[in-house]
Amino acid sequence: MQKLSREFYEQSTLEVAKELIGKVMVFDSFEGVITETEAYIGKDDPACHAARGKTKRNEVMFARAGTSYVYLIYGMYHCLNFVTEEEGFPAAVLIRGVYIPQIDYKRTNGPGKLCKIMDITKQQNGVDIVESNDFYVLDKGIKLDYDTTTRIGISQGKELPWRFVVDKQKISKIPG
DNA sequence: ACCCCGATCGTA
DNA sequence: ACGATCGGGGTT
């Protein structure tokens with residue numbers, strides 16, 4: 001059982017997004033197995049928040065890999081990302097689902113839902129999850145098969161197969 | 001100052 | 001299929 005290193009997050013965003021599937025996200029007293037991710041990669045990705053440059057909201061996307069990026073969407077929900085690749089290159093992986101054994105999966109199978117359950121808010125924006133002792137990701141050796149699809153809820157960049165999701169059927173068989 | 005839109009979710 | 005709800009980003 002090992003906390004993911006800086007080098008893990010510095011890999012290509014697609015690699016990080018795929019490898020995060022089955023990793024265990026820890027925040028406060030919660031531990032959730034990551035079941036769904038999406039990659040948002042640089043200024044050439046029209047769906048990336050940083051596609052039109054740095055703003056106050058997205059500035060943490062330009063920070064070093066292993067930094068959390070939390071933003072408010074639709075005025076109601078928070079979404080959690082982990083920044084990837086080299087510092088100054090705006091890219092991140094959106095966490096879209098986690099499996100928490102004690103909690104009905106229906107309550108953690110969406111990016112807004114999992115933040116609500118785990119009480120992740122903009123307070124957690126810009127946290128270094130490599131250095132933090134209460135917000136980090138562990139490798140517990142869980143291997144899960146996943147499907148690759150296009151991303152959800154975006155209006156541009158719809159064709160890119162940058163979403164990775166564990167089959168619904170297999171969720172209940174996750175150890176833990 | 002104003003306007004438009006959004007990496008969502010629950011209900012219908 | 002649709003509305004809730006409000007911060008942020010672009011424009012005047």
Side-chain angles (χ1 to χ4, degrees), chain A residues 4 8-9 11-23 25 27 30 32-85 88-100 102-127 129 135 137 144 146-168 171:
Chain A
L4 298 184
F8 176 90
Y9 300 102
Q11 299 177 95
S12 79
T13 307
L14 289 173
E15 191 66 19
V16 176
K18 293 174 195 171
E19 290 196 20
L20 277 174
I21 298 292
K23 298 296 189 292
M25 183 178 127
F27 176 62
F30 297 101
V33 180
I34 296 171
T35 57
E36 183 177 343
T37 61
E38 282 178 0
Y40 289 87
I41 313 176
K43 294 178 178 172
D44 294 333
D45 172 4
C48 179
H49 282 173
R52 281 179 287 281
K54 189 187 287 188
T55 66
K56 184 155 193 179
R57 177 178 62 159
N58 68 29
E59 64 183 351
V60 61
M61 291 191 81
F62 294 79
R64 70 194 300 206
T67 303
S68 62
Y69 169 43
V70 181
Y71 64 91
L72 186 65
I73 187 67
Y74 296 108
M76 286 178 278
Y77 302 102
H78 293 275
C79 289
L80 168 68
N81 301 248
F82 298 134
V83 175
T84 57
E85 309 204 28
F89 182 83
V93 173
L94 170 68
I95 307 301
R96 293 190 52 90
V98 295
Y99 171 75
I100 301 174
Q102 304 86 341
I103 297 174
D104 188 338
Y105 188 57
K106 286 183 171 56
R107 298 176 65 74
T108 58
N109 66 348
K113 294 188 205 177
L114 71 91
C115 283
K116 188 174 180 189
I117 285 287
M118 297 180 79
D119 198 27
I120 291 167
T121 68
K122 283 162 70 166
Q123 287 281 108
Q124 279 64 241
N125 188 41
V127 175
I129 62 164
F135 193 14
V137 184
L144 300 173
Y146 57 84
D147 294 330
T148 301
T149 77
T150 54
R151 296 174 293 180
I152 303 292
I154 53 174
S155 54
Q156 296 167 285
K158 284 177 174 166
E159 339 72 38
L160 299 168
W162 289 357
R163 172 172 175 255
F164 309 99
V165 57
V166 178
D167 304 349
K168 200 176 177 182
I171 301 288

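A note on names: the letters A, B, ... follow the listed sequences, proteins ahead of strands, and every chain is numbered from 1.
The nearest whole Å value for the distance from the CD atom in A:Gln156 to the P atom in B:dG6 is 8 Å. Counting to the nearest Å, the P atom of B:dA7 and the NE2 atom of A:His78 are 15 Å from each other.
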Write down the protein N/O and nucleotide N/O pairs, taken from nucleotides 8-11 of chain B, whose separation is under 3.5 Å; answer none if there are no such pairs.
unit_1	atom_1	unit_2	atom_2	d
B:dT8	OP1	A:Arg96	NH1	3.1
B:dT8	OP2	A:Gly153	O	3.4
B:dT8	O3'	A:Gly112	N	3.4
B:dC9	OP1	A:Pro111	N	3.2
B:dC9	OP1	A:Gly112	N	2.7
B:dC9	OP1	A:Lys113	N	2.9
B:dC9	O4'	A:Tyr77	OH	3.3
B:dG10	OP2	A:Lys113	NZ	3.2

Go through the steps to decide whether A:Ser68 and A:Gln124 satisfy the test side-chain hydrogen bond (donor to acceptor under 3.5 Å, both in side chains), and finish with yes or no.
-> CA-CA 7 Å; A:Ser68 62; A:Gln124 279 64 241; over 6 Å; no

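The distance between the ring centers of A:Tyr40 and A:His49 does not fall below 6.0 angstrom.
Residue A:Ile95 forms a side-chain contact (heavy atoms from CB on, under 4.5 Å) with just one option from A:Ile120, A:Thr35, A:Thr37, and that option is A:Thr37.
Using a 4.0 Å heavy-atom distance criterion, A:Lys122 is classed as a sugar-phosphate-only contact. Within 4.0 Å (heavy atoms only), A:Arg57 reaches sugar-phosphate atoms of the nucleic acid but no base atom.
When all heavy atoms are compared, the tightest approach of A:Ala17 to A:Ala39 is CB-CB, 4.3 Å. Taking both residues in full, the closest heavy atoms of A:Arg163 and A:Glu36 are given as NE-OE2, 2.8 Å, listed atom of the first, atom of the second, then distance.
Using a 4.5 Å cut-off on side-chain heavy atoms (C-beta onward), A:Cys79 and A:Leu94 make contact. Within the 4.5 Å cutoff, the side chain of A:Ile171 has heavy atoms near those of the A:Val166 side chain. In this structure, A:Asn125 and A:Val127 have side chains that are not in contact, with every pair of non-hydrogen atoms separated by 4.5 Å or more. Counting only heavy atoms from C-beta outward, the side chains of A:Phe82 and A:Met25 approach each other to under 4.5 Å.
Once you apply a 4.0 Å limit to the heavy atoms of chain A, the touched nucleotides of DNA chain C run 5' to 3' over C:dA4 to C:dG9.
For B:dG6, the OP1/OP2 oxygens have a side-chain nitrogen or oxygen of A:Ser155 closer than 4.0 Å.
Look at A:Glu38 and A:Arg151 and you find no salt bridge, because none of the NZ, NE, NH1 or NH2 atoms lies under 4.0 Å from a carboxylate O.
Defined by atom type and a distance below 3.5 Å, a donor-acceptor pair is present between the side-chain atoms of A:Lys113 and A:Asn109.
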Per-residue pairing states of DNA chain C in dot-bracket (Watson-Crick or G-U under 3.5 Å; . unpaired, | other strand) read ||||.||||||.

